[in-house]
S.K.: 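Pasting in a structure now, in structure tokens, and then I'll have a few things to ask.
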Amino acid sequence: MKPKIGFIGLGVMGKPMALNLLSAGYPMIVWNRTRSKMDDVVARGAEAASSPKEVAEKSDVVITMVSDSPDVEEVILGPSGVIEGAREGLIVIDMSTISPEVTRRIAERLSEKGVKMLDAPVSGGDVGAREGTLSIMVGGPREVFERCLPIFKVLGKRITYMGPNGAGQMTKLCNQVICALNIQAVCEGLILAAKAGLDLEKLLNVVTAGAAGSWMLSNLGPKMLKRDFKPGFKIKHQQKDIRLALSAAAALNLPLPATSLVHQIFRIAEAEGLSEKGTQALITAMEKVAGVKVEA
Ligand code: NAP
């Protein structure tokens, strides 16, 4: 029999992930801070809980998909949190992107109650979440990873065990450094093309197929041209991830010069009130600097 999954956090990513697990036949109980966001998942057969504690009491595997480190701490260790409803043998999988250090601390606290934890952040965006094609990078006890593999296979395509608790999150921070710089590269290429008066649709079409091709270019390039700034991946979350990466690098006495610069450029977008928009809205910050508009 399939284990019962408790799903906490039904945002842009969590909701489609929960729906995919329901479609795969997993029994499910869900909780979301804003209750109305549970409606669609409940309509598809999930039970609604009144707290993360209740989710833990009534499930075998709890998945959390919330925003930042303090949010994961709150839903797992806070009042009426998962830890209050946890029993020995429960598995907790945090799929949010948070600090590797905080992850290890949460895993330690849970282990005092006989609960095993995996950090399993993802990459592939809202598209990957909907299509069940996420890349999943996992830290934690290897035997727990093996047991949870059928669940990961519903959510993602490339699933990789990276090492002990925190290794999944550290991998995701490396991923985010590469993503952030890549978005900046897409913006600068498009800005140059616009200023030079090139046909932007044609440009995207040809460079996507060459060595400059990337997930960012294919997925966000067309949105930039269409001025579609709906998230996707919110700028505030991108900034959280760069902040986490810079802090991990600082602890290792490691310079990440271009990452620091992109952090500042994203701050221009934040200052413009674009925190809740998708990362493709970075193009508007670059347009201000360049005095040119990127539009199809
Ligand atoms: P989102 O749409 O903003 O959803 C965030 C979810 O977390 C919402 O359900 C929110 O509840 C809940 N939440 C936040 N703080 C909470 C708290 N203190 N207590 C309880 N619930 C809380 O974000 P998302 O895009 O789904 O991202 C979720 C995580 O996945 C983030 O760590 C993000 O960095 C990561 N991620 C995102 C993407 C992407 O492309 N979107 C890709 C890979 C990884 P409410 O509904 O009440 O606000």
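On a predicted model such as this, the values are computed, not experimentally measured, just so you know. The residues of the chain are indexed from 1 along the displayed sequence. Ligands are counted one by one from 1 in listed order, and the atoms in each one are counted from 1 as well.
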S.K.: Answer yes or no: is there a donor N or O on one side and an acceptor on the other, between the side chain of Gln239 and the main chain of His263, under 3.5 Å?
M.R.: yes
S.K.: Ligand 1 and Trp31, any nitrogen or oxygen pair closer than 3.5 angstrom?
M.R.: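 In fact, backbone or side chain, Trp31 has no N or O that close.
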S.K.: Within a distance under 4.0 Å of any heavy atom of Asp126, pick out the atoms of ligand 1 and give their elements.
M.R.: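 Listed by number with element, the hits are 40 (O).
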S.K.: I'd like to check which ligand 1 atoms, numbered from 1 as shown, lie under 4.0 Å from a non-hydrogen atom of Ser96.
M.R.: 32 (O)
S.K.: Applying a 4.0 Å heavy-atom criterion (strictly less than), which segment of Lys172 is in contact with ligand 1: side chain, backbone, both, or neither?
M.R.: side chain
S.K.: Return a yes/no value for Thr97: is any of its N or O atoms, backbone included, closer than 3.5 angstrom to an N or O of ligand 1?
M.R.: yes
S.K.: Write out all pairs satisfying salt bridge (Lys or Arg N to Asp or Glu O under 4.0 Å) with one or both partners inside residues 52-67, taking only residues at least two apart or from two chains.
M.R.: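 Non-adjacent pairs meeting salt bridge (Lys or Arg N to Asp or Glu O under 4.0 Å): Glu47-Lys58, Lys53-Glu57, Glu54-Lys58, Asp60-Arg87.
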S.K.: Is the side chain of Glu201 donor-acceptor paired with the backbone N or O of Pro222 at a distance under 3.5 Å, no angle test?
M.R.: no
S.K.: Compare all side-chain heavy atoms of Phe233 with those of Ile183 and state whether any distance is below 4.5 angstrom.
M.R.: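 Contact flag for Phe233/Ile183 side chains = no.
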S.K.: State the atoms of ligand 1, each with its element, that fall below the 4.0 Å cut-off from a heavy-atom position in Gly9.
M.R.: 9 (O)
S.K.: Does Asn20 use its side chain to pair, donor to acceptor, with the backbone of Ala129 at less than 3.5 Å?
M.R.: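 Present.
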S.K.: Ignoring hydrogens and geometry, is there a side-chain-to-backbone donor-acceptor pair from Lys15 to Lys37 under 3.5 Å?
M.R.: no
S.K.: Under 4.0 Å, heavy atoms only, figure out whether ligand 1 is touched by the backbone of Met95, its side chain, both or neither.
M.R.: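 It is neither; nothing of Met95 touches ligand 1.
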S.K.: Which ligand 1 atoms, with their elements, are less than 4.0 angstrom from a heavy-atom of Lys37?
M.R.: 45 (P), 46 (O), 48 (O)
S.K.: Going by distance only, is there an N or O of Ser123 that falls short of 3.5 Å from an N or O of ligand 1?
M.R.: no
S.K.: Heavy-atom distance to atom 18 (N) of ligand 1: which of Asp71, Leu10, Thr64, Val122 wins?
M.R.: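 Result: the heavy atom closest to atom 18 (N) of ligand 1 is in Asp71.
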S.K.: For Thr34 and ligand 1, does the shortest N/O to N/O distance drop below 3.5 Å?
M.R.: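 N/O-N/O distance under 3.5 Å: yes.
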S.K.: Under 3.5 Å, N or O to N or O, is Val66 touching ligand 1 that way?
M.R.: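 Val66 vs ligand 1: N/O contact under 3.5 Å present.
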S.K.: Side chains of Thr97 and His237, heavy atoms from C-beta outward: is any pair under 4.5 Å?
M.R.: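 Thr97 vs His237: side chains apart.
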S.K.: Measure from the side-chain N and O atoms of Ser69 to the backbone N and O of Ser99, and report whether any donor-acceptor pair falls under 3.5 Å.
M.R.: yes
S.K.: Please determine whether any non-hydrogen atom of Gln238 lies less than 4.0 Å from an atom of ligand 1.
M.R.: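 In this structure, Gln238 fails to qualify as a contact of ligand 1 - no heavy atom is under 4.0 Å.
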S.K.: Looking at Arg227, is its backbone amide N or carbonyl O close enough to the side chain of Glu295 to form a donor-acceptor pair, meaning the two atoms are under 3.5 Å apart?
M.R.: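 A pair under 3.5 Å: no.
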S.K.: Check whether any side-chain heavy atom of Lys172 sits under 4.5 Å from a side-chain heavy atom of Asp119, and report yes or no.
M.R.: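 No, their side chains stay 4.5 Å or more apart.
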S.K.: Between Val12 and ligand 1, does any nitrogen or oxygen pair lie at a separation below 3.5 Å?
M.R.: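 By distance alone, the answer is yes.
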S.K.: Relative to ligand 1, is Asp68 under 4.0 angstrom through side chain, backbone, both or neither, heavy atoms considered?
M.R.: neither
S.K.: For ligand 1, which atoms sit closer than 4.0 Å to a heavy atom of Gly125?
M.R.: 40 (O)
S.K.: Of the listed options (His237, Met65, Arg33), which comes nearest to atom 11 (O) of ligand 1 when hydrogens are ignored and any heavy atom counts?
M.R.: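 Looking at heavy atoms only, the winner is Arg33.
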S.K.: Got an N/O contact under 3.5 Å between Glu74 and ligand 1?
M.R.: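 Such a contact does occur with ligand 1.
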S.K.: Atom 32 (O) of ligand 1: which protein heavy atom is closest, and how many Å away?
M.R.: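 Protein heavy atom at minimum distance: Ser67 O, 2.7 Å.
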S.K.: Quick one: does Lys195's side chain have a donor or acceptor within less than 3.5 Å of a partner on Ala290's backbone?
M.R.: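 Flag set: sc Lys195 to bb Ala290 pair under 3.5 Å.
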